[in-house]
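For reference, the structure is listed below as structure tokens.
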Amino acid sequence: MELKYSPLSPFARKILIIAHELGIISRFDLQRVSTRNDAEKLTCFNPLGKIPVLVTDSGAVIYDSAVICEFLDAEFGGHRFIPASGLRRWEVLTRVALSDGVTEAGVTIRYERARPVSEQSSSAVDWQLKKVRLGFDQYEQLIQRWDGNLDLGHIGIASAIGYLQMRLPELENMKPWPHLKAWYEQQCEQRESFRATVPLE
Ligand SMILES: N[C@@H](CCC(=O)N[C@@H](CS)C(=O)NCC(=O)O)C(=O)O
């Protein structure tokens, strides 16, 4: 399988974490792609020009990250990270949407701040920052009832924390979300799958 990715991408990190957890990382041909410089190489696989993109051994092209994670979990994980059916499936998928939404809002802020200063909009940043904060607020509640099972929603919010706490000083190193911060440091950062996928600048 080929994974078109960047080691900095929090969306790609979810896939790498799952691949490590499931013991299938060696099956991946990891191809680093720059969404800016390799745009054409990417859009012929994903017209949206976004990473991650998975190309399976049979040549099927799969994106986006949530779909790739579900594919890997169904094919190799026995639905360990996303239940196959029942109410819990919809609960997990809703939290996946929340964690991906937080990440997307954070990435949008990064893109806004990469524009020339004169073109940046502080109200656009504040709009996205509110989504990040409210998403973390919700996970701060949820994590206090955590049953010890890591699912794709948890992996997604942990990837968001790993990416955003370094990049958005407004998040004050996660101090406003003490339970979430402690969970991340004690339950996630200690796992081999997280240590092996720390985003590299
Ligand atoms: N919903 C997508 C989002 C992926 C995404 O936004 N990836 C970023 C890199 S972290 C990207 O490719 N950005 C390039 C662009 O937006 O043109 C997913 O979950 O895969």
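None of the values given here were measured: they were computed from a predicted structure. When a ligand or atom number is given, it counts from 1 through the structure's own listing order.
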Query raised in the report: Is any side-chain N of the basic residue among Glu112 and Arg110 closer than 4.0 Å to the acidic one's carboxylate O?
Result: no
Query - Protein heavy-atom partner closest to atom 10 (S) of ligand 1 - residue, atom, separation in Å - result: Ser9 OG, 3.3 Å
Query raised in the report: Under a 4.0 Å N-O cut-off, is there an ion pair linking Glu21 with Arg80?
Result: yes
Requested in this report: Assess Ile51 for proximity to ligand 1: is some non-hydrogen atom of it under 4.0 Å away?
Outcome: yes
**Report entry** Ser65 N/O to ligand 1 N/O under 3.5 Å
**Finding:** yes
Query - Heteroatom distance test (Asp64, ligand 1): nitrogen or oxygen, under 3.5 angstrom - result: yes
Query raised in the report: Would Lys50 count as a cation-pi partner of Tyr63, with NZ or CZ less than 6.0 Å from the six-membered ring centre and within 45° of the ring normal?
Result: no
Query raised in the report: Atoms of ligand 1 less than 4.0 Å from Pro52 heavy atoms?
Result: 20 (O)
Query raised in the report: In the protein, which heavy atom is nearest to atom 16 (O) of ligand 1, and how far is it?
Result: Lys50 CE, 3.6 Å
Query raised in the report: What are the atoms of ligand 1, with element, lying closer than 4.0 Å to any heavy atom of Tyr111?
Result: 8 (C), 9 (C), 11 (C), 13 (N), 14 (C), 16 (O)
Query raised in the report: Is Asp151 paired with Arg95 through a side-chain N to carboxylate O contact shorter than 4.0 Å?
Result: yes
Report summary line: Nearest non-hydrogen contact to atom 17 (O) of ligand 1 from the set Gly101, Gly49, Gly156 belongs to Gly49
Report task. Cation-pi check, Arg167 to Tyr163: give yes when NZ or CZ is under 6.0 Å from the six-membered ring centre and within 45° of the ring axis, no otherwise. Result -> yes
Requested in this report: Please verify whether a non-hydrogen atom of Glu104 lies at under 4.0 Å from ligand 1.
Outcome: yes
**Report entry** Tyr63 near ligand 1 by a heavy-atom separation under 4.0 Å
**Finding:** no
Query - Lys14/Glu70 salt bridge by N-O under 4.0 Å criterion - result: no
Report task. For the pair Met174 and Leu180, evaluate side-chain contact (heavy atoms from CB on, under 4.5 Å) and give the outcome as yes or no after the intermediate values. Result -> CA-CA 8 Å; Met174 295 301 288; Leu180 193 55; 3.9 Å; yes
